[in-house]
Amino acid sequence: MECNQTTICGKIVKLGILRYTPAGTAVTEFTVSHGSQQKEAGVVRQIVFDIPVVVMGEPALAVAEFKINSKVKLTGFLNRKSHMNQQLVLHSDQIELI
């Protein structure tokens with residue numbers, strides 16, 4: 001099964017420092033806070049959550065220049081944080097300020 005694409009809009013509430021993998025690839029980790037109203041079964045629900053995000057390569061260099069409270073639109077895929085940690089993390093490969 002190959003379907004795993006997610007798009008989230010929100011604001012950056014936590015921003016890590018730019019670092020590099022041993023292979024020299026840029027990596028930045030940050031947290032995005034999302035808030036919206038979504039309709040489910042005919043009822044409008046208030047949605048609020050924070051999601052950790054990882055970006056690598058050129059997008060990581062761009063994110064390193066962003067500020068806390070920057071509004072962003074992210075597209076990428078979900079994966080667990082590690083083999084031992086089941087927390088979901090958004091691995092974003094498309095990032096734009098909104």
Side-chain angles (χ1 to χ4, degrees):
M1 189 175 302
E2 297 294 322
C3 185
N4 182 356
Q5 283 291 298
T6 302
T7 300
I8 296 290
C9 294
K11 68 178 179 178
I12 296 174
V13 293
K14 183 178 177 185
L15 185 58
I17 61 169
L18 177 66
R19 62 183 177 82
Y20 291 86
T21 67
T25 303
V27 179
T28 303
E29 297 182 29
F30 59 102
T31 301
V32 168
S33 180
H34 170 85
S36 66
Q37 291 185 343
Q38 302 294 321
K39 190 179 250 186
E40 181 178 39
V43 177
V44 176
R45 297 182 60 187
Q46 189 69 28
I47 308 299
V48 178
F49 64 86
D50 291 354
I51 187 165
V53 182
V54 174
V55 291
M56 300 182 78
E58 291 296 322
L61 298 173
V63 170
E65 301 296 320
F66 293 174
K67 306 281 188 234
I68 298 291
N69 291 323
S70 294
K71 293 180 182 177
V72 292
K73 179 178 179 181
L74 308 167
T75 301
F77 62 91
L78 295 172
N79 194 14
R80 59 186 177 197
K81 187 167 185 149
S82 70
H83 292 290
M84 301 298 289
N85 186 338
Q86 298 295 313
Q87 178 184 11
L88 289 178
V89 175
L90 176 62
H91 290 256
S92 182
D93 54 6
Q94 296 178 8
I95 301 166
E96 62 181 270
L97 287 171
I98 55 174

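- V13 and L74 are members of different hydrophobic clusters when ILVMFWY side chains are connected at heavy-atom separations under 4.5 Å.
- In this structure, the side chain of H34 does not engage the main chain of V48 through any donor-acceptor pair within 3.5 Å.
- For the side-chain contact (heavy atoms from CB on, under 4.5 Å) test with T75, the passing option among T7, L90, I95, I8 is T7; the others fail.
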Start with the C-alpha distance between S33 and D50, add both sets of side-chain angles, then the distance that settles side chain to side chain donor-acceptor pair (under 3.5 Å), and finish with yes or no.
CA-CA 4 Å; S33 180; D50 291 354; 3.0 Å; yes
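- Separation of atoms CD1 (I51) and CG (L88) is listed at 6.5 Å; rounding is to 0.5 Å.
- Residues satisfying the side chain to side chain donor-acceptor pair (under 3.5 Å) criterion with E65, sequence neighbours excluded, are absent altogether.
- The nearest pair of heavy atoms linking S70 to L97 is CB-CD2, 3.9 Å.
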For V63 and F30, what are the C-alpha separation, side-chain angles and deciding distance, and is it a side-chain contact (heavy atoms from CB on, under 4.5 Å)?
CA-CA 9 Å; V63 170; F30 59 102; 3.6 Å; yes
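- Annotation: the span from H91 atom NE2 to T6 atom OG1 amounts to 11.0 Å, rounded to 0.5 Å.
- Side chain of N4 to main chain of L78: a donor-acceptor pair is present (N/O by atom type, distance under 3.5 Å, no hydrogens or angles).
- One finds the CD atom of Q86 at 5.0 Å from the CZ atom of R80 (value rounded to the nearest 0.5 Å).
- At a threshold of 4.5 Å between non-hydrogen side-chain atoms, the residues F66 and I68 do not count as touching.
- A side-chain contact (heavy atoms from CB on, under 4.5 Å) with T28 is found for one member of V54, L15, I17 and no other, namely L15.
- A pairwise comparison of heavy atoms in M56 and V27 identifies CE-CG2, 3.8 Å as the closest pair.
- Taken from OG in S82 to CD in Q87, the straight-line distance is 9.5 Å, to the nearest 0.5 Å.
- A 6.0 Å sphere centred on CD1 of I98 holds more than 12 heavy atoms belonging to other residues, nucleotides or ligands.
- Every pair passing salt bridge (Lys or Arg N to Asp or Glu O under 4.0 Å) that includes a residue from residues 6-28 is listed here, sequence neighbours excluded: R19-E29.
- Contact check for V32 versus V72: side-chain heavy atoms found under the 4.5 Å cut-off.
- What you find for A26 and L18 is that their closest heavy atoms are CB-CD1, 3.9 Å.
- Atom CZ of F77 sits about 13.5 Å away from atom SG of C3, to the nearest 0.5 Å.
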